[in-house]
Amino acid sequence: MSEPLRHPVRLGVELDAAGRHPAAWRLPGARPAELFTAAHWRRLAATVDAADLDLLVVPDSFRLGSADERDQRGRLDAVAVAANLAPLTRRTGLVPVVTTTHTEPFHTQKAVATLDFTSRGRAGWQVEVSATPAEADLFGRKAAAPAQELWAEAAETVDVVRLLWDSWEDDAVVKDLATGRFVDRDKLHYVDFTGEHFSVKGPSITPRSPQGQPLVVVPVRDEPSLAVAAAHADLARLEAPDATVAARRAARLGTTTLLDVEVLLRRDASQAQEVAAHLDELSPGHGPRTLRHVGTPASLVELLHDLPAGLDGAVLVPLDLPATLELVASDVVPHLGRPPAAGTTLRDRFGLTRPASRYAVGGTR
Amino acid sequence: MSKRQVHLGAHFPGVNNTTVWRDPRAGSQVDFSSFEHLARTAERGLMDFFFLAEGLRLREQRGKIHDLDVVGRPDTLTVLNSLASVTTHLGLAGTINATFNEAAEVARQFASLDHLSGGRAAWNVVTSSDAFTGENFRRGGYLAHADRYVRAREVLDVARAFWDSWGADALVADPTTGVFARGIGEVEHHGPQFDVRGPGLLPRSPQGHPVLFQAGDSDAGREFGATYADAIFTMHGTLEAGVAFTADMRSRAVRNGRSGDDLRILPGATFVLGDTLEEAKENAREIRFLQVGPEQAVAFLEQVWGRDLTGFDPSGPLPDFEPEVASDIAQGRTRMTKDPRETARTWRQLAEANGWNARELVVEVTGRQQFVGTPGQVAAEIDAYVQADACDGFILVPHLTPTGLDEFVEKVVPLLQERGSYRTEYTGQTLRDHLGLSHPHAVPSVRATA
Ligand SMILES: Cc1cc2nc3c(=O)[nH]c(=O)nc-3n(C[C@H](O)[C@H](O)[C@H](O)COP(=O)(O)O)c2cc1C
């Protein structure tokens with residue numbers, strides 16, 4: 001149980017504009033004028049894909065971010081970014097964040113299923129909630145709600161999204177010349193979902209995607225999100241101040257768990273410290289949201305090697321881009337001894353089999 | 001060059017009753033390779049844009065999912081964002097309903113597509129909504145027909161406010177002065193459908209706004225299009241109907257304080273080619289009978305007759321009984337006719353006069369605008385329509401996925417170029433450039449706050 005994990009098997013990254021630190025755009029090499037272009041994302045994704053990382057998470061929210069004109073603000077729609085990268089990448093899983101508080105579940109399920117088609121089986125979905133009144137005001141449909149309620153709604157959303165992903169059996173398209181039928185309508189299913197927050201009739205308009213069920217990722221940062229991760233996630237991302245706390249939480253989850261680690265890397269440890277201090281000076285008040293590692297690639301390799309049992313790997317969140325990401329690719333990944341991915345889909349990477357539609361297993365309804 | 005230029009869009013032949021799936025060359029309507037093939041073909045043909053339709057619930061007939069035509073399609077915006085990476089100039093036009101989407105979200109999605117494609121995004125704003133489709137959404141199916149365009153107008157007012165909320169130079173991104181962005185406007189809108197307040201979440205996109213398309217033909221729909229749209233997707237494809245429709249739309253634009261030339265009128269049209277006119281006609285006939293198999297013929301008749309016609313033989317005469325007038329036998333598609341008894345009368349007369357059986361009748365009356373002929377004849381006809389101002393060009397609806405446009409690009413496009421009616425290279429980068437549209441101006445109602 002306490003045998004340390006010598007080889008963190010799975011490694012993902014979350015990439016946001018010039019990095020998670022809102023001042024990162026001011027560092028040399030950041031090309032801030034290009035942050036909203038496809039070129040920016042393609043450069044980053046090429047590095048990630050070549051390094052054979054398991055996940056590229058594209059964060060999202062309906063928040064503008066800081067009110068300070070010096071901080072980076074604004075963000076492209078995450079599904080749009082992931083979709084744009086899908087034809088240009090071959091290996092890494094693409095995981096956009098799609099929030100559940102203000103977005104229609106029907107739209108979410110078809111967008112992620114379609115990403116699974118355009119990435120040929122590499123799509124995931126990270127669930128998030130929108131907690132602030134500012135986000136609610138953009139829609140004007142309902143007031144901001146406490147975390148408990150938001151995550152309960154998120155759980156419903158995951159439920160109905162998964163039902164809709166199963167609502168077409170794999171072999172529903174028959175193209176039967178003799179009877180003139182394009183589909184076998186007995187293999188299409190109304191989901192007839194009625195929950196606390198919404199009801200959805202179904203079936204999806206989108207046929208079952210290559211993975212059947214794209215990978216559902218849930219971030220764990222409080223009790224309500226932990227409960228949703230335990231019940232619904234294929235993969236949990238743990239935000240925690242250190243690996244021990246994370247391992248304790250992981251023990252309460254029966255699923256694959258990755259520790260979030262904010263990183264800022266330079267070849268020289270003191271230089272990394274200087275850059276981090278410089279960023280905090282340019283835009284103060286952005287403390288770590290999870291374990292933060294500022295140092296050299298070698299020290300990060302050490303940290304990853306020493307992850308406690310019960311954690312399956314990490315999602316690295318660079319504070320600055322592209323410098324830290326490039327060092328992850330060139331100086332971290334080669335020293336982790338990760339075995340190459342087995343198979344081509346994102347589920348394959350996490351050792352998850354492709355599930356059959358529940359309707360096919362349980363017979364027709 | 002003074003000749004009016006032909007504009008062409010490529011409609012992906014997905015879910016509709018003209019897509020032929022029985023042909024052995026027919027491929028997947030969902031695999032990305034199909035979308036990629038059609039988009040690359042359209043771009044090779046220097047077309048203005050690629051076009052996707054939308055439907056948010058699977059169609060039903062007689063209470064069951066309609067199983068005869070192509071069923072199932074991927075998400076519009078996701079497909080277009082993926083296509084943005086495998087094309088460089090082609091416009092990317094997506095049909096997205098204004099009824100089941102939130103203004104802040106859809107505005108941001110189209111702005112994202114415009115950023116990621118370098119200014120190639122278009123939104124075809126449709127309103128079709130009913131309780132049937134609404135059952136897939138929280139907002140529900142409560143929006144009455146009369147309220148559809150009320151909501152659509154509000155969606156666009158709010159969306160435009162978001163698109164304009166960052167001034168053209170709000171994104172400074174200057175590391176030396178340390179200013180990332182300044183002057184981001186707050187949108188504030190309070191209307192019957194929306195109460196929305198907040199900052200835009202994205203810098204102004206390359207085209208300012210995505211190009212706006214409208215498809216819908218009621219008086220309210222035409223007014224909406226004439227007020228908001230850059231281009232109109234219409235079914236009025238014949239020469240006379242086109243001339244009348246285009247004149248109507250241009251004069252509506254003028255009445256709404258715009259120029260008639262601010263609108264591109266683009267009917268949907270299919271085409272069938274042959275080495276001779278006779279061969280093309282024979283091909284067209286074959287395709288029509290593939291599109292309207294015996295089962296489809298009965299399904300069409302059920303939509304007009306408003307009742308179950310199981311067991312009806314379409315190789316005989318039309319039903320000899322009267323249609324049900326009030327019927328919702330077909331869900332998720334527009335009813336073909338407002339006055340079914342009148343339609344039945346006309347059809348009977350037509351069938352009798354021409355000696356058509358029921359299926360042959362359906363084949364004849366349900367076709368769309370079609371160009372049938374040699375490549376030279378089709379090029380000449382398309383050109384003639386545009387020179388007569390029956391339209392500004394066409395949205396081509398091939399009947400084969402995904403190779404249905406190949407032959408057109410190889411054979412017809414060069415002849416349009418020879419006629420001086422079609423570009424020989426892309427001269428601009430954005431869809432607005434291709435369509436010859438001006439850049440939108442900021443909506444003055446948005447207050448910029450620091
Ligand atoms: C050429 C054309 C194409 C259309 N395509 C779609 C479509 O893809 N999806 C959709 O929901 N509605 C589509 N519509 C329906 C219109 O958006 C519109 O909602 C409907 O015609 C009702 O509006 P109206 O009463 O103004 O005609 C289309 C309409 C036309 C004329």
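Below, chain A is the first sequence line, B the second, and so on; all start at residue 1. In what follows, every heavy atom counts, from backbone to side chain, and hydrogens, waters and symmetry copies are set aside.
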Output field: ring centroids B/Phe137/A/His107 closer than 6.0 Å: yes
Please identify, among B/Pro294, B/Pro203, B/Pro206, the residue contributing the most non-hydrogen atom pairs under 4.5 Å to chain A. B/Pro203
For B/Phe162 and B/Gly198, the nearest pair of non-hydrogen atoms, with its separation, is CE2-O, 3.9 Å
Any salt bridge between A/Asp192 and A/Lys201, counting N to O under 4.0 Å? yes
Top residue by heavy-atom pair count (under 4.5 Å) with chain B, among A/Trp25, A/Phe193, A/Trp41, A/Trp168? A/Trp25
Side chains of B/Thr78 and B/Phe32: closer than 4.5 Å at any heavy-atom pair? no
Closest-packed option against chain B by number of heavy-atom pairs under 4.5 Å, given A/Asp60, A/Val173, A/Val112: A/Asp60
Look at A/Asp184, A/Thr179, A/Thr37 and state which one has the largest set of heavy-atom pairs under 4.5 Å with chain B. A/Thr179
Examine whether an atom of B/Ser33 lies under 4.5 Å from a heavy atom of chain A, and if so say whether it belongs to the side chain, the backbone or both; otherwise answer neither. both
Measure distances from A/Ala111 to the heavy atoms of chain B and classify the residue's part below 4.5 Å as side chain, backbone, both or neither. both
Under 4.5 Å, counting heavy-atom pairs only, tell me which of B/Leu201, B/Asp195, B/Leu202 racks up the most with chain A. B/Leu201
Less than 3.5 Å apart, any donor N or O on the side chain of A/Glu169 or A/His189 sitting next to an acceptor on the other? yes
Among the options A/Leu76, A/Asp71, A/Val200, pick out the one with the most heavy-atom pairs lying under 4.5 Å from chain B. A/Leu76
Interchain contact, B/Val86 with chain A, by part (heavy-atom threshold 4.5 Å): side chain
Going by the angle between their ring planes, with limits at 30° and 60°, are A/Phe139 and A/His102 parallel, tilted or perpendicular? parallel
Would you say A/Arg185 has more than 12 foreign heavy atoms packed within less than 6.0 Å of its CZ? yes
Does any N or O in the side chain of B/Gln429 come within less than 3.5 Å of the main-chain N or O of B/Thr88, such that one atom is a donor and the other an acceptor? yes
So which of A/Val79, A/Leu282, A/Leu177 has the largest heavy-atom pair count under 4.5 angstrom toward chain B? A/Leu177
For each of B/Val79, B/Val196, B/Thr76, B/Leu116, tally heavy-atom pairs with chain A at distances under 4.5 Å, and name the one with the top tally. B/Leu116
Of the backbone (N, CA, C, O) and the side chain (C-beta and beyond), which part of B/Leu56 lies under 4.5 Å from a heavy atom of chain A, both, or neither? both
At a heavy-atom separation under 4.5 Å, does B/Leu77 approach chain A through its side chain, its backbone, both, or neither? neither
Identify which of A/Glu135, A/Arg120, A/His197 forms the greatest number of heavy-atom pairs closer than 4.5 Å to chain B. A/Arg120
Does B/His89 offer a backbone N or O that forms a donor-acceptor pair with the side chain of B/Glu43 under 3.5 Å? yes
Toward chain B, the part of A/Leu115 with a non-hydrogen atom under 4.5 Å: both
Does atom CZ (B/Arg359) have a neighbourhood of more than 12 heavy atoms from anything else shown, all under 6.0 Å? yes
